[in-house]
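Below is one structure. I have some questions about it.
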Amino acid sequence: MTTRNKLTAFKYLSGTALLLAAIMAFGLFTYSSEPKAKESIRTHRELFQEEYNIFSLPVPENPTFAGEPVPVERSYICESLDRELLVNTYWQSQTLLFIKRAAKYFPIIEPILKEEGVPEDFKYLALAESGLIMRARSHAGAVGPWQFVSGAGRDYGLEINSEIDERYHLEKATAAACRFLKSSREKFGSWTLAAAAYNAGRSHIIRQLDRQKTNNYYDLLLNEETGRYVFRIIAIKEILEDPETFGFHVKKKDLYYMEPTYTVDVDSAVNDFADFAKEFGLSYKELKDLNPWLRDDKLTNSRGKTYQIKIPENGAFLRKNFQKTDSLARVTLKEAKRQ
């Protein structure tokens, strides 16, 4: 075979090989990859449709707040409560945190409400206000679990200065909130209006009652925040009192618990809380987390006032000492608190 013929044959074979390679690649793409991709998408879609469902929620037939009926027989009242039930049910991460923190802080709040003569339902107001985040702060400058602004905090007996801010003191702030709520209840004759006044201020509620010639919260046309406020509290109450109805399943071991503590009376200056903490085998962070109302790294205490500072018992921060059962917890949390 001549050199020219050899070159021609080589070019022919090379072209054929390239053509065959292209056909094989096309075949692999057409008969292998594409069906697998379609099968994967189809299966994923089917699984999604089988496993993921969103349901509307039944509005409770006879809900109450602080012993006062909620008139859900009116369409617009029913719709308002439905909205808050949906928002709080399907904002799952937030509501799960509500459930967990309630187990930790409700046992502190409930006896204070009872002692002060305030309905227990107001514990849900604190949850709605701050999520029971002890260091919560709003854009308006309201702080702590009950979200007091400084003026109102002082008006109701809380010490507020650069070193001490009792708005962050759960027990004292709860008692102050009770004083406000009882005063509002006396003014309006309604716990529901007292709750609304906690959000909007008494003077605003008084003006709206006079302007709209009513004495009932559910008859008032209010701004968006206050108009939703009481319904949000009621929705949180409904969910936390019967969580499984709303799809929340929480094991008792996953709830948060208040660390066991004892108190130390301090009636003099503390020069450095980091050193103070070390005397009790604590870190500065642990001391401040248990006592968020201590706002500085020192305490001048020129008046010699006695302050009670919480100190954890030995092993208080070890999770192994908390509840370990895997059984599901009702969000009333009453059983969990007893154990």
Side-chain angles (χ1 to χ4, degrees), residues 51-114 118-133 145 174 181 191-192 194-196 198 217-218 228-258 322-339:
E51 300 296 333
Y52 186 77
N53 299 285
I54 300 173
F55 298 94
S56 60
L57 302 171
V59 174
E61 292 185 4
N62 299 295
T64 62
F65 174 71
E68 299 174 359
V70 182
V72 290
E73 65 275 8
R74 302 186 210 171
S75 60
Y76 55 91
I77 301 297
C78 182
E79 290 174 14
S80 295
L81 181 54
D82 186 42
R83 176 184 184 179
E84 302 308 321
L85 285 168
L86 288 168
V87 168
N88 287 279
T89 297
Y90 289 110
W91 193 352
Q92 295 96 330
S93 59
Q94 175 178 267
T95 303
L96 280 170
L97 287 169
F98 283 179
I99 293 168
K100 292 184 175 197
R101 292 189 194 121
K104 183 173 185 176
Y105 295 114
F106 277 1
I108 297 172
I109 293 172
E110 288 169 346
I112 298 172
L113 295 175
K114 183 177 181 179
V118 173
E120 189 174 301
D121 281 358
F122 278 95
K123 64 188 179 185
Y124 300 109
L125 183 148
L127 197 54
E129 281 285 334
S130 66
L132 291 179
I133 297 171
T174 301
L181 292 166
W191 286 115
T192 306
Y198 198 92
Y217 169 82
Y218 299 105
R228 294 179 61 180
Y229 186 72
V230 172
F231 292 106
R232 182 168 185 243
I233 297 170
I234 296 167
I236 293 170
K237 171 192 171 183
E238 291 291 331
I239 295 169
L240 265 66
E241 286 188 345
D242 191 5
E244 291 181 34
T245 293
F246 296 91
F248 292 95
H249 303 273
V250 184
K251 294 178 180 178
K252 289 183 180 179
K253 71 172 186 177
D254 294 327
L255 298 171
Y256 300 156
Y257 291 88
M258 179 57 71
F322 294 159
Q323 178 60 256
K324 295 187 177 188
T325 179
D326 284 340
S327 60
L328 292 174
R330 293 282 180 185
V331 187
T332 56
L333 306 174
K334 290 182 180 178
E335 293 181 6
K337 289 181 292 186
R338 294 191 190 106
Q339 298 188 23

Just so I know, are the side chains of D121 and K237 near enough to count as touching, which here means a heavy-atom distance under 4.5 Å?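 Of all side-chain heavy-atom pairs linking K237 with D121, at least one is under 4.5 Å.
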Is any side-chain heavy atom of D242 less than 4.5 Å from a side-chain heavy atom of E238? no
Side-chain touch R101/I133, heavy atoms, less than 4.5 angstrom: yes
Exercise: identify the closest heavy-atom pair between P63 and L81: CG-CD2, 4.1 Å
Within-4.5 Å side-chain heavy-atom neighbours: V87 and R228: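 Yes. Closest side-chain heavy atoms under 4.5 Å.
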Check whether any side-chain heavy atom of F106 lies under 4.5 Å from a side-chain heavy atom of L240, and answer yes or no.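 Contact flag for F106/L240 side chains = yes.
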I109 vs F122 side-chain heavy atoms within contact, under 4.5 Å: no
For F246 together with F55, are the ring centres under 6.0 Å from each other?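 Judged by ring-centre distance (under 6.0 Å), F55 and F246 do not meet the cut-off.
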Decide if atom CD of E73 counts as having more than 12 heavy atoms of other residues, nucleotides or ligands within a radius under 6.0 Å. yes
Can you tell me how the ring of Y217 sits relative to the ring of F231, calling it parallel under 30°, perpendicular over 60° and tilted otherwise? tilted
Any non-hydrogen side-chain atom of Y124 less than 4.5 Å from a side-chain atom of F65?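 Sidechains of F65 and Y124: no contact.
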Side-chain contact, heavy-atom cut-off 4.5 Å: P60 with L85?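 When only atoms from C-beta onward are counted, L85 and P60 do touch, with a gap below 4.5 Å.
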